[in-house]
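To keep things clear, I will list the structure first and then write my remarks on it.
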Amino acid sequence: MESTTKPLDFIRAMVADDLRTGRHGGRVITRFPPEPNGYLHIGHAKSICLNFGIPQEFKDQAAAGARCNLRFDDTNPTTEEQEYIDAIKRDIRWLGFDWGEHEYYASDYFEQLYEWAIQLIKAGKAYVCDLSAEEISRTRGTLTQPGMPSPHRDRSVEENLDLFARMRKGEFPDGSRVLRAKIDMNSPNLNLRDPVMYRILHEEHPRTGTAWCIYPMYDYAHGQSDSIEKITHSLCTLEFEDHRPLYDWFIEQLGIFPSRQTEFNRLNLTHTIVTKRKLRTLVEKGHVRGWDDPRMPTLSALRRRGYPPAAIRAFCEGVGLSKREQTIEIARLEFHVREELNRTADRVMAVLDPLRLVVTNFSEGQVEQMEAVNNPEDAAAGKRTVPFSKDLYIERDDFMENPPAKFFRLAPGREVRLRYGYWVTCTDVVKDAAGNVVEVRCTYDPLTRGGDNPPDGRKVKGTIHWVSAEHALDAEVRLYDTLFSKEDPNDVPEGGDWLDNLNPDSLRIVKGAKVEPSLATARAGATFQFERLGYFCVDPDSESRRLVFNRTVTLKDSWAKGQKG
RNA sequence: UGGGGAUUGGUGUAACGGUAGCACGACUGACUCUGGAUCAGUUAGUGAAAGUUCGAAUCUUUCAUCCCCAGCCA
């Protein structure tokens with residue numbers, strides 16, 4: 001028997017090993033810990049798929065339970081908002097994951113964290129420091145030089161206890177004092193040079209309101225929150241590797257449940273930026289319409305763009321996991337989107353750049369209902385009907401007066417198939433005063449009804465899409481390209497700015513598109529394949545009078561590709 | 001310059017001392033009522049140098065390169 005089990009990545013291998021050796025008593029508990037200060041993006045999706053995926057995958061081997069907690073890392077009220085909490089939950093659910101009742105907040109643990117801080121003060125492991133932020137920074141030393149001990153490093157336990165209690169009571173202004181861990185000012189790891197545990201912030205918190213005016217720092221809050229929740233595997237990205245010694249130090253000093261941190265590589269995409277700070281800049285400076293602008297890499301934008309969650313999940317599983325820097329080509333994401341949509345999206349005909357086509361030998365006023373397959377990949381998707389008449393629109397690109405070799409579409413004297421319609425032969429071209437082709441005139445062959453091959457065995461090279469002029473619906477179509485023209489948006493010349501790499505053509509709006517009448521009832525979010533063009537989905541801006549579509553992704557187009565070269 | 005990580009085709013990811021494989025991309029061709037899909041095929045890789053070994057991507061040493069760290073952000 002051939003073994004079909006695919007190799008486990010290093011994290012899953014570790015989990016499997018921990019389960020085998022009974023390290024955590026048969027439990028696998030992970031957590032996804034977003035900070036509610038922005039929207040989730042594709043990079044988070046990788047972490048979500050990992051953290052929620054692992055408990056699912058190891059359920060059978062984890063006799064004592066497997067789950068992923070959703071925990072908001074809400075320790076900085078100056079940047080965090082309820083709006084983001086709501087958006088994050090919506091996006092995780094949309095991606096296809098559920099945390100059940102295990103929704104937690106670091107702020108739920110503020111009291112416990114405070115008590116533990118007192119415990120550390122009593123143990124002589126933490127002290128109140130009156131240095132200013134600037135002074136702390138200056139005395140921290142540099143990469144190559146050790147730091148200088150704070151003049152308050154050896155305050156008595158009593159004084160520290162008193163000061164810390166008064167910090168909590170609100171007796172001191174912001175920035176006047178902090179609580180610091182007493183570790184090692186000489187450590188080559190900057191994180192261990194007496195890191196700040198608490199800072200004073202007279203700021204209202206979205207959840208605790210004004211109950212607190214001191215807030216714990218990430219390093220002091222995260223590991224302890226993991227420990228409180230008995231997280232067995234705390235997975236985070238590579239840049240936290242340097243923080244692991246500190247993560248372990250607090251847990252050890254406190255003698256609490258030993259959660260363990262393991263780091264994996266962050267996901268980067270070409271032509272894309274996945275830094276929350278920079279995404280915020282794009283939104284605030286108006287380079288995009290908002291967090292859900294379909295050009296953004298946020299999950300809400302990908303949803304609006306029409307990316308199916310299943311495609312994002314497959315992508316995240318597909319990119320793999322390691323400790324190397326990972327920059328995935330955008331084409332790989334698009335591959336998964338096409339793969340999913342090819343299976344699931346109904347086909348429909350739409351003309352983006354309409355050119356009038358008159359079938360001269362077709363009776364005026366006559367309408368034939370032609371049968372069309374909704375999805376050739378899925379018989380269950382059924383069939384629909386498309387009206388055919390004398391006056392049609394075809395895609396301007398599908399006609400050339402003087403076609404080059406290998407052009408299989410319509411041209412003077414040429415015959416093509418109108419998909420699900422009839423075979424037509426171009427007999428005439430009508431031009432305007434400027435010489436632009438404004439109409440092509442054709443005759444049709446009644447023996448090719450439905451687009452079928454004629455009995456005489458004649459062949460045709462091309463099949464093109466069309467809509468009936470009288471029946472077509474008007475639509476606005478938004479065509480997207482990458483937000484940045486450079487593979488690496490951060491690759492800028494001296495004195496340049498990453499914003500210089502914004503792609504001026506990332507959005508092209510087509511106003512005069514014509515789509516087949518079956519789309520009249522399409523609802524926001526519905527995804528279709530416009531035959532021969534790509535996948536499109538109905539934008540929330542869409543109204544019955546004025547349909548609006550977003551292009552999710554184009555179809556692969558070997559003709560266009562050949563033209564470029 | 002200190003510390004922490006990492007180097008396998010264009011991009012990712014396997015191989016854990018024994019045939020360098022898979023996916024995406026690119027390129028051919030077949031087929032097709034979507035120049036889509038599908039099918040078949042081609043292309044291209046172990047950062048460098050020494051060493052250990054019958055045998056090295058894998059072990060050792062040296063070198064090189066890249067990423068992260070000096071927030072009272074996470």
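First the proteins, then the strands, lettered A, B, ... as listed; each starts at 1. Here the structure is a predicted model, which is why all the values come from computation and not from measurement.
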Would you say A:Arg177's side chain and A:Val128's backbone share a donor-acceptor pair under 3.5 angstrom? no
Counting the atoms with a prime plus P, OP1 and OP2 as sugar-phosphate, which does A:Gln326 contact under 4.0 Å by heavy atoms, base, sugar-phosphate, or nothing? sugar-phosphate
Side-chain contact check for A:Asp557: nearest option of B:rG5, B:rA14, B:rG35 is B:rG35
Output for pair (A:Asp73 CG, A:Phe32 CZ), nearest 0.5 Å, gives 10.5 Å
| Parallel, tilted or perpendicular: which fits the ring planes of A:Tyr39 and A:Tyr84, with parallel below 30° and perpendicular above 60°? | perpendicular
- Do the charged groups of A:Arg532 and A:Glu395 touch, with an N to O distance under 4.0 Å? no
- prompt: When all nucleic acid strands are considered with a 4.0 Å heavy-atom cut-off, which category describes A:Arg347: base, sugar-phosphate, or nothing?
  reply: base
If you go through the side-chain atoms of A:Gln529, does one of them form a donor-acceptor pair with the base of B:rU34 closer than 3.5 Å? yes
Rounded to the nearest 0.5 angstrom, the OH-CG distance for A:Tyr393 and A:Asp353 is 12.0 Å
Here the gap from A:Arg338 atom CZ to A:Leu555 atom CG, rounded to the nearest 0.5 Å, amounts to 7.5 Å
Do the side-chain N or O atoms of A:Ser558 get closer than 4.0 angstrom to the phosphate oxygens (OP1, OP2) of B:rG36?
yes
Review point. So, A:Phe240 versus A:Tyr218, ring centres under 6.0 angstrom or not?
Key: yes
Task: Euclidean distance for P, B:rC54 against B:rU13 (whole angstrom) - done: 35 Å
- Task: Select base, sugar-phosphate, or nothing to describe what A:Gly318 touches, counting heavy atoms under 4.0 Å on all strands.
- Result: nothing
For nucleotides 19-27 of chain B, 5' to 3', base contacts (B), sugar-phosphate-only contacts (S) and non-contacts (-) with protein non-hydrogen atoms under 4.0 Å give ----BBSSS
Of B:rG35, B:rA15, B:rG36, the nucleotide closest to the side chain of A:Asn342 is B:rG36
Determine the contact category for A:Asp452: base if any of its heavy atoms lies under 4.0 Å from a base atom, sugar-phosphate if only primed atoms, P, OP1 or OP2 are that close, otherwise nothing. base
**Message:** Once you apply a heavy-atom cut-off of 4.0 Å, does A:Thr327 come out as touching a base, just sugar-phosphate, or nothing?
**Reply:** sugar-phosphate
Quantified in whole Å, what is the C1' atom distance between nucleotide B:rG45 and nucleotide B:rA26?
-> 16 Å
### Task
Sticking with atom P, work out how far B:rU46 lies from B:rU11, rounded to a whole angstrom.
13 Å
Could you tell me how far B:rC69 sits from B:rU60 if I compare only their P atoms? Round to whole Å. 29 Å
Using the P atom in both, what is the distance from B:rG25 to B:rG36, to the nearest Å?
-> 13 Å
Partner of A:Tyr198 under ring pair (Phe, Tyr, Trp, His ring centres under 6.0 Å), picked from A:Tyr215, A:Phe172, A:Phe164, is A:Phe164
Under a 4.0 Å heavy-atom criterion, the protein footprint on nucleotides 69-74 of chain B, written with B, S and -, is BBSBSB
Against the side chain of A:Glu377, the closest entry in B:rG35, B:rA15, B:rG36 is B:rG36
**Asked** When we call it a touch if two heavy atoms are under 4.0 Å apart, what does A:Phe530 touch: a base, just sugar-phosphate, or nothing?
**Response** nothing
Next on the checklist: Regarding A:Ile328, tell me which of base, sugar-phosphate or nothing describes its non-hydrogen contacts under 4.0 Å with the strands shown.
Outcome noted: sugar-phosphate
Checking N1-N3 plus N6-O4 or O6-N4 for Watson-Crick, or N1-O2 and O6-N3 for wobble, each under 3.5 Å, the partner of B:rU1 is none
With a non-hydrogen cut-off below 4.0 angstrom, is A:Lys461 in contact with a base, only sugar-phosphate, or nothing?
nothing
Interatomic distance at C1', B:rU19 relative to B:rA56, whole Å | 14 Å
Return the polar atom pairs (N/O with N/O) between nucleotides 63-67 of chain B and the protein under 3.5 Å, or none.
residue	atom	partner	partner atom	Å
B:rC67	O2'	A:Glu325	OE2	3.1

Judged by whether its glycosidic angle lies within 90° of 0, B:rG9 is anti
Check your understanding: Which part of the nucleic acid, if any, lies within reach of A:Pro376 when heavy atoms closer than 4.0 Å are counted: base, sugar-phosphate only, or nothing?
Key -> base
Rounded to the nearest 0.5 Å, the OH atom of A:Tyr420 sits from the NE2 atom of A:His465 at a distance of 13.5 Å
Next on the checklist: Is the terminal nitrogen or CZ of A:Arg168 (NZ for Lys, CZ for Arg) located under 6.0 angstrom from the six-membered ring centre of A:Tyr114 and within 45° of that ring's axis?
Outcome noted: yes
task: Taking atom P in both B:rG21 and B:rU61, compute the distance separating them and give it to the nearest angstrom.
output: 29 Å
Discussion item. In whole Å, measure the gap between the C1' atoms of B:rU42 and B:rG10 for me.
Written reply: 16 Å
